[in-house]
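Written below as structure tokens is the structure these notes are about.
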Amino acid sequence: LEGTVLNNKLDFTFEYFYNRRNQMLIFKQGSTPTSSGIANRLPPVNEGQMENKGFDFTLAYNGTVGSFSYQLGANAGYNRNRVKYMDEATAAPEYQWQTGHPWGAYLAYQFDGVFRDQEEIASNPIDYSAVTTALMPGDMKFVDHNNDGKINGDDKVRLDKTTTPNFNFGVTMNFQYRNFDLAILL
């Protein structure tokens, strides 16, 4: 959707997108046991699937004062993706799988409060030795997802967080005076 209103003073665009990709190149390391010795030597295969959706928009104002013309604008976009299929290690619990989460979502311990004092630490039945040498008041508590009585790498969960932003935006400024022009993008 795009248009111009107010006697060509205001331009706008709005775009929605949905894209489902199949046959993405992935490595079949999940279903190939590492004990086979070839898991990291196999070539990639076209089996990955991902879904992308979001929107983009722009809004710009055009003006003229004598020989000076300008355009002030803003743009923004939102994107959300989900892995629909990734070759997962079947030995890993489902809560650690990449499938169903954004591309690049990372594993982290799930926060469950803080230890308030030494008494609470002493009465805690969960073993934290795999993540710290000594618990102190103010340290974070974590959820024992596999209920084995200890916090270790098996208790990390796949978050819907990545280092790639979902939302981006910018500001544009274009100025022109006779044969000179200046363009600024923030």
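Hydrogens, waters and symmetry mates play no part in the numbers below; they use all other heavy atoms, side chains included.
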Kindly write out the residues that satisfy ring pair (Phe, Tyr, Trp, His ring centres under 6.0 Å) with Phe12, not counting sequence neighbours, or none if the list is empty. none
Quick check: is Ile26 connected to Tyr106 through a chain of hydrophobic side chains (ILVMFWY, heavy atoms under 4.5 Å apart)? no
Within-4.5 Å side-chain heavy-atom neighbours: Asp160 and Arg82: yes
Taking every non-hydrogen atom, the tightest pair across Thr58 and Asn75: CG2-CB, 3.6 Å
With a 4.5 Å limit on heavy-atom distance, are the side chains of Glu15 and Phe55 in contact? no
Phe111 vs Phe142, test: ring-ring contact (aromatic ring centres under 6.0 Å, His included). Steps then yes/no. CA-CA 5 Å; Phe111 178 74; Phe142 300 123; 7.6 Å; no
Testing the basics here: between Thr162 and Pro102, what is the closest heavy-atom pair and its distance to 0.1 Å? CG2-CB, 3.8 Å
Verify, without hydrogens or angle tests, whether Asp127 (side chain) and Ser129 (backbone) share a donor-acceptor contact under 3.5 angstrom. yes
Show the nearest heavy-atom pair for residues Phe175 and Phe68, with the distance to one decimal. CD2-CZ, 3.5 Å
Residues at least two apart in sequence or cross-chain that pass side-chain contact (heavy atoms from CB on, under 4.5 Å) with Asn124, listed by chain then number, are Phe115, Ile126, Tyr128, Leu135
I'd like to know if Val143 and Tyr109 are part of one continuous hydrophobic network [Ile/Leu/Val/Met/Phe/Trp/Tyr, side-chain heavy atoms within less than 4.5 Å]. no
State whether the side chain of Asp155 and the backbone N or O of Asn146 hold a donor-acceptor pair below 3.5 Å, judged by distance alone. yes
Got a donor-acceptor contact below 3.5 angstrom from the Asp11 side chain to the Ala60 backbone? no
Classify the ring geometry between Tyr61 and Tyr70 as parallel (under 30°), tilted (30 to 60°) or perpendicular (over 60°). tilted
In short, Phe27 meets Pro44 closest at the heavy-atom pair CE2-CD, 3.7 Å
Stepwise side chain to side chain contact (heavy atoms under 4.5 Å, CB included) check, Phe57 with Glu2: CA-CA 9 Å; Phe57 76 88; Glu2 63 182 85; over 6 Å; no
Go through it in stages, so that I can follow the logic: the residues are Asp56 and Phe17, the test is side chain to side chain contact (heavy atoms under 4.5 Å, CB included), and I'd like the CA-CA distance, side-chain angles, deciding distance and then a yes or no. CA-CA 8 Å; Asp56 295 319; Phe17 59 88; 4.1 Å; yes
Does any donor atom in the side chain of Asn174 or Gln71 lie under 3.5 Å from an acceptor atom in the other side chain? yes
Spatial distance of atom CG (Asn81) from atom NZ (Lys84) [nearest 0.5 Å]: 10.5 Å
Within 6.0 angstrom of Asn7 CG, more than 12 heavy atoms from elsewhere: no
Quick one: do Asp139 and Arg116 make a salt bridge, cutoff under 4.0 Å? no
Got a sec: does the NZ of Lys9 have more than 12 other heavy atoms crowding it under 6.0 Å? yes
Gln96 and Arg158: which non-hydrogen atoms are nearest, and at how many Å? O-NH2, 2.8 Å
Can you measure from CE (Met136) to CD1 (Ile121) and round to the nearest 0.5 angstrom? 8.0 Å
Looking only at side chains, do Gln49 and Arg21 share a donor and an acceptor under 3.5 Å apart? no
For the hydrophobic clusters of this structure (ILVMFWY residues joined by side-chain heavy atoms under 4.5 Å, transitively), does one cluster hold both Leu25 and Val83? no
dist Lys161:NZ -> Leu107:CG (nearest 0.5 Å) comes out at 15.0 Å
Do you know which two heavy atoms are closest between Leu159 and His101, and how far apart they sit? O-ND1, 4.0 Å
Looking at Glu51 and Arg80, is there a salt bridge between them, counting it only when a charged N and a carboxylate O are closer than 4.0 Å? no
Tyr18 vs Asn52, test: side chain to side chain contact (heavy atoms under 4.5 Å, CB included). Steps then yes/no. CA-CA 6 Å; Tyr18 173 84; Asn52 246 328; over 6 Å; no
Would you give the length of the straight line joining atom CG of Asp144 to atom NZ of Lys150, rounded to the nearest 0.5 angstrom? 9.5 Å
Any donor-acceptor N/O pair, Glu88 side chain to Thr99 backbone, under 3.5 Å: yes
ILVMFWY network linking Leu186 to Leu72, side-chain heavy atoms under 4.5 angstrom: yes
Pair Met50, Met24 - check side chain to side chain contact (heavy atoms under 4.5 Å, CB included), show working. CA-CA 8 Å; Met50 186 165 49; Met24 291 174 49; 3.6 Å; yes
same_hphob_cluster(Phe180, Ile184) at 4.5 Å side-chain heavy-atom cutoff: no
